[in-house]
Amino acid sequence: MTRAERAALVAAEFNRAFPHPEVPLHHRDAYTLLVAVMLSAQCTDARVNMVTPALFAAAPNPQAMVELGWRKVRRYIATCGLTETKARRIVETSRLLLERHGGAVPSSFEELEALPGVGHKTASVVMNQAFGHPAFPVDTHIFRLARRWRLSRGSTVERVEADLKKAFPMESWGRVHIQFVLWGRTFCPARGCNPACPICAQLAARS
């Protein structure tokens, strides 16, 4: 099968299983989405969703987060891992949002990636889900599945992202990104392909 044929099969199965995927991280706006994605580094979305309701109740915006301070933020996110680093970065990012952007989350990759703890993947999620900008965030789920399904032979996140952008229509990138994550958690875990995974089974049969 060609990569285009593989992508078409994957998209069809994604749309069958998850026709209306929602962002796994609970959030209210661009700011709370940004904070949630920052917290998700080396932490499950489920765990992030457990701690953010109380955190966002105490600090729903950059000004309140700065006033809360990193030590108190650390208490709210204690179960997320890398706690002190994340707390410091969230507060510093909030301070810079106030200082540089009037308290708003910027809508450009360059400005987002200039913030502490905001890498390309985090910026891509915010750009796509908060602002509707075409972006294809690649996390560990997507990286391994893209290679497993031979949608990419890239050895870096950057190469896999570029290949996936070629394989799927631009208008579908945000939806497909979420579908990849949901599929990986449900059917195709990191320890190896589930024999019942419909995509793996079909690709193996047609290879």
Side-chain angles (χ1 to χ4, degrees), residues 21-133 135-144 156-158 160-161 173-174 177-178 180-182 184-185 189-191:
E22 296 183 359
V23 181
L25 292 168
H26 299 163
H27 63 284
R28 305 172 185 172
D29 51 26
Y31 175 69
T32 52
L33 176 62
L34 173 61
V35 172
V37 180
M38 292 174 71
L39 286 172
S40 71
Q42 299 184 42
C43 181
T44 66
D45 291 349
R47 174 61 58 183
V48 173
N49 289 337
M50 290 177 65
V51 306
T52 49
L55 175 63
F56 294 154
N61 55 60
Q63 184 65 52
M65 194 71 76
V66 170
E67 292 174 358
L68 194 62
W70 73 266
R71 288 181 176 84
K72 290 183 179 178
V73 171
R74 181 176 60 180
R75 296 174 195 166
Y76 283 100
I77 66 171
T79 60
C80 281
L82 303 175
T83 309
E84 181 171 333
T85 298
K86 290 179 180 179
R88 288 181 179 275
R89 286 178 173 174
I90 288 169
V91 171
E92 179 62 9
T93 286
S94 300
R95 185 187 69 77
L96 291 174
L97 289 178
L98 293 167
E99 180 180 297
R100 299 175 181 174
H101 307 289
V105 175
S107 57
S108 77
F109 280 101
E110 181 180 10
E111 291 172 313
L112 280 168
E113 292 177 25
L115 298 169
V118 180
H120 183 67
K121 191 210 83 171
T122 297
S124 294
V125 173
V126 174
M127 288 293 287
N128 184 264
Q129 303 300 336
F131 301 116
H133 182 89
F136 206 131
V138 173
D139 67 359
T140 54
H141 285 291
I142 297 173
F143 184 82
R144 64 183 174 79
T156 66
V157 168
E158 293 77 13
V160 170
E161 178 181 336
W173 289 351
H177 154 73
I178 299 173
F180 256 109
V181 174
L182 296 175
R185 292 173 180 170
R191 63 182 177 274

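For this chain, numbers begin at 1 and follow the sequence in order. We use all heavy atoms of the structure for the numbers below, so side chains are in, but hydrogens, waters and symmetry mates are not.
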K.L.:
Could you grab the distance from atom CG of L68 to atom CD of Q63, nearest 0.5 Å is fine?
P.N.:
11.5 Å

K.L.:
Grab the two heavy atoms, one from C80 and one from C43, that are nearest each other, plus how far apart they are.
P.N.:
O-CB, 3.4 Å

K.L.:
If only atom types and distance count, is the side chain of T44 paired as donor or acceptor with the main-chain N or O of R47 below 3.5 Å?
P.N.:
yes

K.L.:
Would you sort out whether E113 and S124 count as a side chain to side chain contact (heavy atoms under 4.5 Å, CB included), showing the intermediate values?
P.N.:
CA-CA 10 Å; E113 292 177 25; S124 294; 5.7 Å; no

K.L.:
Any side-chain donor paired with an acceptor under 3.5 Å for E158 and H120?
P.N.:
no

K.L.:
Could you check if a side-chain atom of I90 sits within less than 4.5 angstrom of a side-chain atom of W70, using non-hydrogen atoms only?
P.N.:
no

K.L.:
When you compare the side chain of T156 with that of F143, does any pair of heavy atoms fall below 4.5 Å?
P.N.:
no

K.L.:
Apply the side-chain contact (heavy atoms from CB on, under 4.5 Å) test between V35 and each candidate in T52, V105, L55, V73; give the one that qualifies.
P.N.:
L55

K.L.:
Strictly under 6.0 Å, is that where the ring centroids of H133 and F109 end up?
P.N.:
yes

K.L.:
Between V91 and G69, what is the shortest heavy-atom contact and its length?
P.N.:
CG2-C, 3.8 Å

K.L.:
For a quick test of reading the model, state the closest non-hydrogen atom pair linking A130 to A30 and the distance between them.
P.N.:
CB-CB, 3.8 Å

K.L.:
Do V118 and V126 touch side chain to side chain, with heavy atoms closer than 4.5 Å?
P.N.:
no

K.L.:
Testing the basics here: between E111 and P106, what is the closest heavy-atom pair and its distance to 0.1 Å?
P.N.:
OE1-CB, 3.4 Å

K.L.:
T85: what forms a side chain to side chain donor-acceptor pair (under 3.5 Å) with it, not counting sequence neighbours?
P.N.:
none

K.L.:
Holding to side-chain contact (heavy atoms from CB on, under 4.5 Å), I want the full list of residues that pass it with R95, two or more places apart in sequence or in another chain.
P.N.:
V66, E92, E99

K.L.:
Identify the two heavy atoms, one from M127 and one from S107, that lie closest to each other, and give their separation to 0.1 Å.
P.N.:
CE-O, 3.2 Å

K.L.:
Who passes salt bridge (Lys or Arg N to Asp or Glu O under 4.0 Å) against R88, sequence neighbours left out?
P.N.:
E84

K.L.:
Does any non-hydrogen side-chain atom of L33 lie less than 4.5 Å from one of Q129?
P.N.:
yes

K.L.:
Do K86 and I77 make a side-chain contact, defined as non-hydrogen atoms from C-beta onward lying under 4.5 Å apart?
P.N.:
yes

K.L.:
Within the 4.5 Å heavy-atom criterion, are F56 and H26 side-chain neighbours or not?
P.N.:
no

K.L.:
Could you label the plane-to-plane angle of the F136 and H177 rings as parallel, tilted or perpendicular, counting under 30° as parallel and over 60° as perpendicular?
P.N.:
perpendicular

K.L.:
Answer whether the closest heavy-atom distance between the side chains of P24 and I178 falls below 4.5 Å.
P.N.:
yes

K.L.:
Indicate the atoms forming the closest heavy-atom contact of P62 with G103, along with that distance.
P.N.:
CG-O, 3.4 Å

K.L.:
Within the distance-only criterion (no hydrogens, no angle test), does the side chain of T122 pair as donor or acceptor with the backbone N or O of M38 below 3.5 angstrom?
P.N.:
no

K.L.:
Is any side-chain heavy atom of Y31 closer than 4.5 Å to a side-chain heavy atom of P60?
P.N.:
no

